Amino acid sequence: MPATDPSLFPDDYAGQTVTRFIVGKVAAVFFSSSDSFYKVLLVKVTEQNIDWSEDEIVVTGSFADIQEEGTYKFTGKTVRHPKYGTQFQADNYQNETPTSRSGLIAYLAGSDFPGLGRRTAERIVDTLGENAIDKILDDPKVLTPIGLRASVRATLLDTLRVNNGLEQTIIGLNAYGFGSRLAAAIYAKYQGDTLQVIQEDPYRLVEDIKGVGFKKADQIAAQLKVDPQSESRLKAALLTQINDNCAQNGDTYTTAKPLITATLQLLENSRNVAIDPQKLADQLVALAKENKIVGEENRIYLRPLYEAEWGIAEHLKRLHDADNDGSLTEKAVDRAIGHVAKASNLTYDASQTQALKSAITSHLFLLTGGPGTGKTTIIRGLVALFAELHDVSLDVNEYKDKPFPILLAAPTGRAAKRMAETTGLPAGTIHRLLGLTGRDDDPEMPTKDLEGGILIIDEMSMVDTNLFRLLLQAVPSHMQVILVGDKDQLPSVGAGQVFHDLLQSPEIPQIELNTIYRQDDDSSIIPLAHAIKDGRLPDDFTVNQPDRSFIACNAFQVNHIIEQVVSKAKAKGFTADDVQILAPMYRGAAGIDQLNTTVQNIFNPVKSKRQKQLSYNNQQYRVGDKVLQLVNAPEDNVFNGDVGKIVGIDLANDSHNKSKKDQITVAFDQNEVTYQKSDWNRLTLAYSMSIHKSQGSQFKMVVLPLVPQFSRMLQRNLLYTAVTRAEQILILLGDIQSFERSVTNESVNRLTTLTKRLQQVFTGDGDATVTQPVPSSDTAAKGVSESTVETADSTPNSASSETEDQTAAVATEGGERRLTPTIVAQGQVDPMIGMAGIKPTDFMGQVSSS
Ligand SMILES: Nc1ncnc2c1ncn2[C@@H]1O[C@H](COP(=O)(O)OP(=O)(O)OP(=O)(O)O)[C@@H](O)[C@H]1O
């Protein structure tokens, strides 16, 4: 039994009875008893009277209807558990619907008012009441009794005057629990109607605002007493779940059965009310009618991804068919290749020569190859060829007033930097090239039209469906497009496997380079990579080589061995930038999180007790730490996968810190970014990182543990990508079967239809090229069955009749709309698309188990 902790509330022991409470948001449910209401919660504390200095506390008790992300007031006492430390034992709790008072306090204590903390905000509201802002604006003297510093008072007044009119909305949003970044995004979308929109339909937020998930909207809806059976709730859950299903696997579509099952679970977990699967299926049809999703055969797409695949196919066809001016004769090309080879002191092999020839004479060309096969050599050769054949200078200084005619870009900052280094020419990220400063999954996102004669994209395997569509939209028809990558690497983080799918299209000119040139320099890493690509481990896999070794160990030994390996590397002069630990998963004894802490203590240990540190998510951050950016933030010019170094830590009470908030400043190659606490979730330590995040980067030394605990991640393209990140030294450790399993486990392809679209567009198959006016939403909805689950069992799959009534529309250039096929079964009023073969009982287990 945990003991009551007297030190935490001494006044109770002095004979007074004070009700102890905590108000906070439930960040996680650690434990939920299956036969009682007993739960163990992690609560983010916003108010308390237990003298608790940390952000979070574990709360235990009997709670019938606690929701994650919900805000509650718990009353009870603090106890010290022998094993788990101090906890709050709640004997009572209530849902703490945020009030306008708490919203106002959150607003005044927020980032708009630097120097004004929570205590002062509370004092202002306690003194002046809930219409404090009006009172202050009417007569600033009302602030006198609060005793604010002159500078804080001046900023408060200035900001209130600037915000005048907005504050009710911002306070309202704060009351719903939105922080300043989301509140600003919501306000930017709905302006003066913000609160009204939310009150009428909080679920609109899920569709309109990136960062607002279904659970958050559902929580607001519960506060507003919106019926849990409401159509907008079911639709929002379906849209969220289609998105989640696709995002989880990188697919561009999902199918009905896993969708309905997962959506029922989402709905019932969120509000503990049973939902009829038929009703949910009806809303799927309704969403199709509203043009938000598209059904085709058994596939269900979110409309933007559906359109993005069609858009890519159609733009590629446009580029492929663009008139070739025919000015390049074969003779001239051969001669120029000879010049370029001579100048670079190389003899191109037959496939390299063919690659150069095809690329320079095609409007669209794909080049793939493993490490050391000459992709960079060909990019360099192409640049020189283009310059010679089109008589353009490669001296950037001559292009002060006009655009450089050769555009080089890559999906990440690091890959772009490498491209610039290897070509000696300007290269940037695709985001930069397009002038993207916001979401790249928004098809309406305005992009710059590109100018120039040729565009070369490197690391194409990392480009996802949405970004590629945006890129192609910006390419004029006269521009040559060369896409270079390694098809065997992991696909993009975002939806799709664009490069893989393009390579399946025989209409697009393409070459795979197979001869390995870097082998000459005694590398044993590159032959290893090629063996993995071919599905085998070399015979000498466990034999130590000058540049690679294998250490056999189990998961629990990994941490200790890596500690030794990295310490030795450091002693030999390797820096934190040189050494990169890669692992497939975050959790576990051999996971990324544990290894990060271990390696941080080697490269950047605590140097003194007074050293500034900030802790977040179980990690400590110090100046000098190597950190990783986890999301694209074009507004800060940093991208998912960028690595930087912490150059500043400012604590709220530092005298020089004007923001009066804890903040971390990170220097990336391109610029410095300061992160306020609300954005720390965009960062993590980078001594160890996931293999996905390492794509597009290379490191002098790579350390890679693989153990059976990573089971489902053990796939060939994952191991291949990890191994090809090593420039000079590769240390493999773990269990040999895990490596064997990885190479034999051929990577599972994602669910995409880009190859199909390319085939349809290039061959005219499936009536894809018929043009007609925009169809009504009714016809566009035909892809999803109206009779849904009930009749599904008895109806044959419609996939066999792909020819009728091709209806969903996709915008094309020039405002014309091209019809793309949604499939309607012949002779059926209600096609069984998406629902074929599914019975109501398929979902019943789900319903009854809740
Ligand atoms: N035809 C050739 N003759 C001689 N050396 C070559 C030839 N082609 C490429 N190389 C050399 O092979 C090495 C690897 O080539 P390159 O860097 O172009 O390959 P890559 O496919 O870009 O490799 P990675 O993907 O690992 O960056 C370079 O040193 C390059 O100069």
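Both counts, for ligands and for their atoms, begin at 1 and track the order of listing. Every value quoted in this text rests on a predicted model; they were computed, and no experiment measured them.
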Inset, instruction - Please work out whether any backbone atom (N, CA, C, O) or any side-chain heavy atom from C-beta onward of Leu346 is under 4.0 Å from ligand 1, and answer side chain, backbone, both or neither. - result: side chain
Inset, instruction - Quick one: look at Thr347 and ligand 1, take heavy-atom pairs under 4.0 Å, and tell me if it's side chain, backbone, both or neither. - result: backbone
Which ligand 1 atoms, with their elements, are less than 4.0 angstrom from a heavy-atom of [X]?
X	answer
Pro371	23 (O), 25 (O), 26 (O)
Gly374	15 (O), 16 (P), 18 (O), 19 (O), 20 (P), 21 (O)
Gly370	21 (O)

Legend entry - Chi angles and distances behind the salt bridge (Lys or Arg N to Asp or Glu O under 4.0 Å) call for Lys756, Glu309: CA-CA 9 Å; Lys756 186 179 170 74; Glu309 286 191 335; over 6 Å; no
Inset, instruction - Please say whether the positively charged group of Lys402, taken as NZ for Lys or CZ for Arg, lies over the ring of Tyr399, i.e. under 6.0 angstrom from the six-membered ring centre and within 45 degrees of the axis. - result: yes
Inset, instruction - Check Thr465, Thr252, Asp501, Asp251 against Thr752 for a side chain to side chain donor-acceptor pair (under 3.5 Å) and give me the one that passes. - result: Asp501
Are any of the N/O atoms on [X], whether in the backbone or the side chain, positioned under 3.5 angstrom from an N/O atom of ligand 1?
X	result
Thr373	yes
Gly372	yes
Lys375	yes
Thr377	yes

Inset, instruction - Output yes when a side-chain donor or acceptor of Arg548 lies under 3.5 Å from a complementary backbone atom of Leu732, and no otherwise. - result: no
Inset, instruction - State whether the side chain of Ser461 and the backbone N or O of Phe499 hold a donor-acceptor pair below 3.5 Å, judged by distance alone. - result: no
Inset, instruction - Can you label the angle between the His320 ring and the Phe762 ring as parallel, tilted or perpendicular, going by 30° and 60°? - result: perpendicular
Inset, instruction - Just say parallel, tilted or perpendicular for the rings of His431 and Phe639, cut-offs at 30° and 60°. - result: tilted
